[in-house]
2 protein chains.
Amino acid sequence: MGDSMTDPLSRTFLALADPTRRAILAQIADGAQTVNAIVAANGLSQPGISKHLKVLEGAGLIRRERVAKTRPVHLDAAGLQQAAGWIDHYRQHWEGAFDRMDALIDRLQAEEAKNGRQ
Amino acid sequence: MGDSMTDPLSRTFLALADPTRRAILAQIADGAQTVNAIVAANGLSQPGISKHLKVLEGAGLIRRERVAKTRPVHLDAAGLQQAAGWIDHYRQHWEGAFDRMDALIDRLQAEEAKNGRQ
DNA sequence: AAGTTATATTTCCTTACGGTAATGTAAATC
DNA sequence: GATTTACATTACCGTAAGGAAATATAACTT
């Protein structure tokens, strides 16, 4: 079963940790698609796809409408934004680290130049 | 075993899909920490932490040095950048979607205003 | 060289994941 | 109202993940 005890961020990252599910997101990125279209695109069984869709929905990465007898699948930005937000926190960190490393390199080169002149 | 058959992006997202591992990354974000320090911080057994570290290392999210008998664990930005890169692709997409939605709303409001004036 | 410290590896267990096949259900069509 | 279409749910299977306990290894200390 879809483990609803795990935190939202874990669910989101877990949902993204599967190539089939990322392919589904890629497929619906520029427009909703029916479940059958998704089944046709990926080489998987229909129940298999439905299961993946459930995981993606539980992670807030997709939404589903009801249009006649089809259930078009839409990309939902909210889930992705949450994951992006978490990573961005570290992005600032590592960019800061790069800046500090650049500064260190500059200082070392300055030292080297000075020593060269002695 | 560490499944080296899965693609790098899946490994990275899977590594991020665990609160303990994210806590480890948070802990070493502003400086390397020894394994024991990480064990002490999280309430987990030492083998458990070593296993998590292996997953993080396999995903390119951490690196390990050898300093005397300790093995300090460093954050590795490369893995995070890859994950961020993937998400960023969709970020552009959904920001585009938001822009289009804004434009639509503007148009609808313009229509409404015009109809109101009739 | 023996003991201690720091960490890795192995073993074992339980639970979750990814997949298929079979069946159920809701809506359109005849 | 019976049938088809589109999809969900159930049941089941194999494999992998997450955890603890026990053991192994590697380096420092005395």
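Within every chain, numbering begins at 1; the chains are lettered A, B, ... in the order of the sequence lines, protein sequences first and strands thereafter.
Contact of the A/Leu61 side chain with the A/Leu75 side chain is not registered, since no non-hydrogen atoms from C-beta on lie closer than 4.5 Å. Residues A/Leu44 and A/His52 have side chains in contact (heavy-atom distance under 4.5 Å, counting atoms from C-beta outward).
Annotation: ring pair (Phe, Tyr, Trp, His ring centres under 6.0 Å) contacts involving residues 10-44 of chain A, sequence neighbours excluded, comprise A/Phe13-A/Trp86. Every pair passing salt bridge (Lys or Arg N to Asp or Glu O under 4.0 Å) that includes a residue from residues 17-26 of chain A is listed here, sequence neighbours excluded: A/Arg22-B/Asp7. Evaluation of the salt bridge (Lys or Arg N to Asp or Glu O under 4.0 Å) test over residues 43-52 of chain A, restricted to residues two or more places apart or in two chains, returns none.
Nearest-nucleotide mapping onto DNA chain C: of B/Thr34 and A/Ala68, the residue sitting toward the 5' end is B/Thr34.
Summary of helix geometry: the two end axes of the helix from C/dA1-D/dT30 to C/dC30-D/dG1, each defined by five base pairs via their C1' atoms, are inclined to each other by 10° (rounded to 10°).
For the OP1/OP2 pair of C/dT5 and a distance below 4.0 Å, the side-chain nitrogens and oxygens of B/Asn36 include no atom meeting the criterion.
Remark: C1' of C/dT9 and CD1 of B/Ile49 are 16 Å apart, rounded to the nearest angstrom. In this structure, B/Ile38 places its CD1 atom 14 Å from P of C/dA6, rounding to the nearest Å. Atom-to-atom, CG of A/Asn42 to P of C/dG18 comes out at 14 Å; the value is rounded to the nearest Å. Between A/Lys54 atom NZ and C/dA16 atom P the separation is 15 Å, expressed in whole Å. Separating the CZ atom of B/Phe13 from the P atom of D/dA17 is a distance of 17 Å, rounded to the nearest angstrom. Residue B/Arg64 contributes atom CZ, which lies 17 Å from atom C1' of D/dA27 at whole-angstrom precision. Atoms CZ (B/Arg66) and C1' (D/dA27) sit 8 Å apart, rounded to a whole Å. Rounded to whole Å, the distance from CZ on A/Arg71 to P on C/dA27 is 10 Å.
Scanning all heavy atoms of the two residues, the minimum distance from A/Arg64 to A/Leu53 falls at NH2-CB, 3.6 Å. Of all non-hydrogen atoms in A/Ala17 and B/Ser10, the two that sit nearest each other are CB-O, 3.7 Å.
Closest to the B/Lys69 side chain, of the nucleotides D/dA26, D/dA8, C/dT5, is C/dT5.
Taking CD of A/Gln27 as the reference point, atom OG1 of A/Thr20 lies at 11.5 Å (rounded to 0.5 Å).
In this structure, B/Arg71 has no salt bridge (charged side-chain N to carboxylate O under 4.0 Å, His left out) partners at least two apart in sequence or on a different chain.
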Nucleotides 18-25 of chain D: which of its N/O atoms have a protein N/O under 3.5 Å away?
{"from": "D/dG18", "atom 1": "OP1", "to": "B/Arg21", "atom 2": "NH2", "distance (Å)": "3.1"}
{"from": "D/dG18", "atom 1": "OP2", "to": "B/Arg21", "atom 2": "NH1", "distance (Å)": "3.1"}
{"from": "D/dG18", "atom 1": "N7", "to": "B/Lys51", "atom 2": "NZ", "distance (Å)": "3.4"}
{"from": "D/dG19", "atom 1": "OP2", "to": "B/His52", "atom 2": "NE2", "distance (Å)": "2.5"}
{"from": "D/dG19", "atom 1": "N7", "to": "B/Lys51", "atom 2": "NZ", "distance (Å)": "2.8"}
{"from": "D/dG19", "atom 1": "O6", "to": "B/Lys51", "atom 2": "NZ", "distance (Å)": "2.9"}
{"from": "D/dA20", "atom 1": "OP2", "to": "B/Ser45", "atom 2": "N", "distance (Å)": "3.4"}
{"from": "D/dA20", "atom 1": "OP2", "to": "B/Ser45", "atom 2": "OG", "distance (Å)": "3.0"}

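Looking at heavy-atom distances under 4.0 Å, B/Ser50 makes contact with a base.
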